[in-house]
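Okay, structure first, notes after.
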Amino acid sequence: MRGHIRTYNLPRPDRLVISTASRSVHTEFTSGAAVDRFAAVLLWSATLHGNEFGLTYGWHNEIRLAATGRTRAGIGIGLACSGSVFELGGTVEEYDGFNGVVHSFANLPGLPTLTQATPDLASYDELAALVTHARTVPVSEDTVPARVLGVVA
């Protein structure tokens, strides 16, 4: 694994779990800005084959990204990170449902609307466009409430 990281000059994950029995590795990126964590997962994914990407919009307006792929040697790699919808340049819409239940949806640039607690698939290109967009959007305390209302794009 060290060789793979050095060969491709990959960012070091905050957590790395190696399983020799299943020939797999699980990595997590938890520190730094959300856009940097998502970019790290994409950088790693670019060195793998057979990539699959899944997004989940969770509680507290958090987007979780999980990716899987294989190295040339056949080692399975699982990658994970998360970040705020707002840090990624997205907005949140909330609607009142039946019996007073509030339904939340996350809108991220270039991706389909995400429903809370429902996994959705994404492509490498969609995620790369999201990271590119998120790098251009400043996040401040003043814009977060407006984005919850869908005022700021």
Side-chain angles (χ1 to χ4, degrees), residues 1-94 103-140 143-144 146-148 150 152-153:
M1 187 65 349
R2 228 183 260 167
H4 189 79
I5 293 171
R6 288 182 181 156
T7 298
Y8 295 106
N9 195 27
L10 296 172
R12 295 191 186 274
D14 297 299
R15 183 170 181 212
L16 181 74
V17 178
I18 299 172
S19 172
T20 54
S22 64
R23 290 183 40 91
S24 65
V25 175
H26 177 77
T27 63
E28 291 181 28
F29 297 91
T30 57
S31 62
V35 67
D36 295 332
R37 295 189 300 267
F38 275 64
V41 168
L42 289 178
L43 284 170
W44 272 72
S45 297
T47 68
L48 304 175
H49 305 281
N51 292 317
E52 292 185 6
F53 302 94
L55 288 171
T56 305
Y57 170 45
W59 306 111
H60 305 294
N61 298 320
E62 180 183 68
I63 300 293
R64 291 185 292 264
L65 171 62
T68 58
R70 293 204 170 275
T71 66
R72 281 189 244 177
I75 297 171
I77 307 280
L79 306 159
C81 70
S82 64
S84 163
V85 171
F86 310 115
E87 284 184 273
L88 295 168
T91 60
V92 171
E93 295 177 28
E94 295 180 341
H103 298 280
S104 295
F105 302 91
N107 295 303
L108 295 168
L111 292 169
T113 299
L114 300 172
T115 305
Q116 207 163 41
T118 304
D120 204 349
L121 298 176
S123 71
Y124 182 92
D125 292 337
E126 289 172 329
L127 293 169
L130 173 65
V131 167
T132 300
H133 175 78
R135 290 205 186 280
T136 66
V137 177
V139 174
S140 70
T143 60
V144 170
R147 285 191 181 155
V148 171
V152 177

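Positions are given from 1 along the sequence. Side-chain atoms are counted along with the backbone in the values below, which use heavy atoms only and exclude waters and symmetry mates.
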Considering only distance and modelled atom types, tabulate donor-acceptor pairs under 3.5 Å from the side chains of residues 78-86, sequence neighbours left out.
from	atom 1	to	atom 2	distance (Å)
S82	OG	E62	OE2	3.3
S84	OG	F86	N	3.1

Nearest heavy-atom pair of [X] and [Y]: which atoms, and what distance?
X: S19; Y: S22; result: OG-OG, 3.0 Å
X: V35; Y: V131; result: CG2-O, 3.6 Å
X: I5; Y: R12; result: CG2-NH1, 4.3 Å
X: G90; Y: L108; result: CA-CD2, 3.8 Å
X: D120; Y: T113; result: OD2-O, 4.4 Å
X: F29; Y: P13; result: CE2-CA, 3.5 Å

T30 and R15: CA distance, side-chain angles, deciding distance, side chain to side chain contact (heavy atoms under 4.5 Å, CB included) verdict: CA-CA 8 Å; T30 57; R15 183 170 181 212; 6.0 Å; no
Minimum side-chain heavy-atom gap [X]-[Y] below 4.5 Å:
X: R72; Y: H49; value: yes
X: F53; Y: L42; value: yes
X: D14; Y: R37; value: no
X: W59; Y: S104; value: no
X: L55; Y: L127; value: yes
X: R23; Y: I75; value: yes

To the nearest 0.5 Å, how far apart are [atom1] in [X] and [atom2] in [Y]?
X: L65; Y: T56; atom1: CG; atom2: OG1; result: 9.0 Å
X: Y57; Y: T115; atom1: OH; atom2: OG1; result: 10.0 Å
X: E87; Y: D36; atom1: CD; atom2: CG; result: 9.5 Å
X: H133; Y: L111; atom1: NE2; atom2: CG; result: 10.5 Å
X: S24; Y: R70; atom1: OG; atom2: CZ; result: 8.0 Å
X: L88; Y: R135; atom1: CG; atom2: CZ; result: 10.5 Å

Pair T71, H4: side-chain N/O donor-acceptor within cut-off below 3.5 Å: no
